[in-house]
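Residue numbers start at 1 and run along the sequence shown. When a ligand or atom number is given, it counts from 1 through the structure's own listing order.
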Amino acid sequence: MMKAFIKTYGCQMNERDSDALAADLVKAGYSITDVEAEADILLFNTCSVRDAAERKAKGKIGFMRKLKKQNPDLIIGVMGCMAQRMGNTLLEELPHLDFVLGTGQLHKLLEVIEQVKRERVKTALTEPSPEVLTGLDGHYGNSIKGQIAITRGCNRFCSYCIVPYVRGRELSREKGDIIAEAREMVSRGAREILLLGQNVAAYGLNGDIRPPAPDHSPFAELLEELETIPELLRIRFTSPYPSYFNSRLIETIAKSDKICHNIHLPLQSGSDRILKAMNRQYTNESYREKVAELKSAIKDLTLSTDVIVGFPGETDEDFALTRELMNDVGFEQSYIFKYSPRPGAKSAEVPDSIPESVKEERNQILLDDLSKRIVSRLESMVGSTVTVLAEGVSARNDARWTGRTDNNIVVHFEPDDTIKAGTLRQVKITRSGGVSLFGELR
Ligand code: SAH
Ligand code: SF4
Ligand code: F3S
């Protein structure tokens, strides 16, 4: 049996694509291996969002030259966002590659592999195609947690961002297809589903870049339909652009006991001047109002966010506004990125003016704020009883099990005889481990 190895870089959308492609490969008779040296096919699903992401993948792929030397029949393919951005150039830069498959052509993976086997010619496919919308619905992973891509592409064109260029225009899948995929996953044991899109709350809006009226949200309607699947216990989603979070959607989440009360609300910056330069359609004030609206409607709400430090022209005052807003909101989790100019994105037309040392300093300040918040939040939970979705034996200690709270906090506990993955259990928290919690089953 031929063996395929897949390495994934970048976001959850890429993870999801790799999982669907692994399912296609298995269906076609391949097995999946995590040992490069024993694979007949090496696949790299890449990311372009920051320069570092590209460098990392290129380094790794370059290193595969020696495997190709040992085994000239080895097939090596690069897929995903960097493949889309670079196309043929990648074949020139890395001559040991056999093919390059862009984001619009992922559904053609098996075809391309067959063609390479037959003809041994190099191919780069980067045409956009809506077929990826319907063609990538398989699931290789069989875990109690699964992911579904509900939209693809992005129409927002934030000035720093390469995603709209490498993922193409925003498209929404048919609701019926999504529900069918969810039912199928649940019938195979999934109990938690994470819905994915670059701007998930724009689901069903036909690419319109104006946020919907307060009472209109096809995304909320989709959530409501998913909730009716009896065995499905939890629904999460990422990421919603703040201005698409309207009353209709907030109400749906507030009244649901399946949709997790943990929301990722990308901020990027707390300075109106920088937000404007980023082409983000909200202000410090309107972001705060959105948070206040969410917090007052949804009890136990926790929030996470993405922030960029060192955007061109970001002054100490701009940065202070970001830091202040983050501390006021009290994000439970934040992903902080140092600005990286991306070729083709609007912001790359102006100099990357903030020195690396300043980016690093600002990054560290926000990370320190975050870790203080996490430590005190976890400490405050000691003594309380939480509901966790039991996931299985802990990776670090096989005498323990792990689960997650609705708010996505990892909890370790000793199992009892009745423990079963994919069930909700009550755990009394006995101590904090700094980044996760320990407790006892009730
Ligand atoms: N669609 C998602 C974000 C996808 S990219 C959303 O809008 O929420 C994930 C994160 O990477 C972004 O939220 C942003 O914080 C960061 N990012 C994107 N482009 C970047 C760049 N050029 N430099 C640094 N960080 C960037
Ligand atoms: Fe990039 Fe903005 Fe689209 Fe997110 S919403 S993918 S940051 S352009
Ligand atoms: Fe994701 Fe990176 Fe592409 S963040 S959409 S894999 S550029």
Asker: Under a 4.0 angstrom heavy-atom cut-off, which atoms of ligand 1 come close to Q198?
Answerer: 1 (N), 2 (C), 4 (C), 6 (C), 7 (O)

Asker: Pick, from Q281, R167, Q198, the option with the minimum heavy-atom distance to atom 6 (S) of ligand 2.
Answerer: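 Considering heavy atoms of Q281, R167, Q198, the nearest to atom 6 (S) of ligand 2 sits in Q198.
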
Asker: Yes or no: does S48 have any heavy atom under 4.0 Å from an atom of ligand 3?
Answerer: yes

Asker: Heavy atoms only: which of R280, K359, Q268 lies closest to atom 14 (C) of ligand 1?
Answerer: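 Looking at heavy atoms only, the winner is Q268.
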
Asker: Around atom 8 (S) of ligand 2, find the nearest protein heavy atom and jot down its residue, atom name and distance.
Answerer: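 Among all protein heavy atoms, the one nearest atom 8 (S) of ligand 2 is C158 N, 3.3 Å.
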
Asker: Is the charged tip of K7 near the ring of Y9: under 6.0 Å from the six-membered ring centre and within 45° of its axis?
Answerer: yes

Asker: Around atom 1 (Fe) of ligand 3, find the nearest protein heavy atom and jot down its residue, atom name and distance.
Answerer: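 The closest heavy atom on the protein side is C11 SG, 2.3 Å.
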
Asker: Students should be able to answer this: which protein heavy-atom is nearest to atom 3 (Fe) of ligand 2, and at what distance?
Answerer: C154 SG, 2.3 Å

Asker: Between E391 and T402, do the side chains contain a donor N or O and an acceptor N or O under 3.5 Å apart?
Answerer: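 No.
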
Asker: Please write down residue, atom name and distance for the protein heavy atom closest to atom 7 (S) of ligand 2.
Answerer: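 Looking only at protein heavy atoms, the one closest to atom 7 (S) of ligand 2 is Y160 OH, 3.3 Å.
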
Asker: Would you kindly specify which portion of M278 sits under 4.0 Å from ligand 2, judged on non-hydrogen atoms: side chain, backbone, both or neither?
Answerer: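 Under 4.0 Å from ligand 2, M278 contributes no heavy atoms.
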
Asker: Minimum distance, heavy atoms only, to atom 13 (O) of ligand 1: which one of T305, D306, V163 is it?
Answerer: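 Among T305, D306, V163, the closest heavy atom to atom 13 (O) of ligand 1 belongs to D306.
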
Asker: May I ask you to identify, for I308, whether its side chain, its backbone, both or neither come under 4.0 Å of ligand 1 on a heavy-atom basis?
Answerer: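 The answer is the side chain of I308.
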
Asker: So which bit of F337 gets within less than 4.0 Å of ligand 1, heavy atoms only: side chain, backbone, both or neither?
Answerer: side chain

Asker: Parallel, tilted or perpendicular: which one describes the rings of F219 and F237, with boundaries at 30° and 60°?
Answerer: perpendicular

Asker: Using non-hydrogen atoms of the residue, decide whether Q198 is closer than 4.0 angstrom to ligand 3.
Answerer: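 Judged by the 4.0 Å heavy-atom criterion, Q198 does count as contacting ligand 3.
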
Asker: Please report which non-hydrogen protein atom sits nearest to atom 1 (Fe) of ligand 2, along with the residue it belongs to and the distance in Å to one decimal place.
Answerer: C161 SG, 2.3 Å

Asker: Within 45° of the axis and under 6.0 Å from the centre of the six-membered ring of F63, does NZ or CZ of K66 qualify?
Answerer: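 So K66 does make the cation-pi contact.
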
Asker: Any N/O/S atom of C81 sitting less than 2.8 Å from atom 3 (Fe) of ligand 3, backbone or side chain?
Answerer: yes

Asker: Examine ligand 3 and decide if any of its atoms is less than 4.0 Å from a heavy atom belonging to R167.
Answerer: yes

Asker: A cation-pi test, strictly: NZ or CZ of R156 under 6.0 Å from the centre of the six-membered ring of Y241 and no more than 45 degrees from its axis. Yes or no?
Answerer: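 Yes, cation above the ring, under 6.0 Å and within 45°.
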
Asker: Has ligand 1 got any nitrogen or oxygen that is less than 3.5 angstrom from a nitrogen or oxygen of R342?
Answerer: no

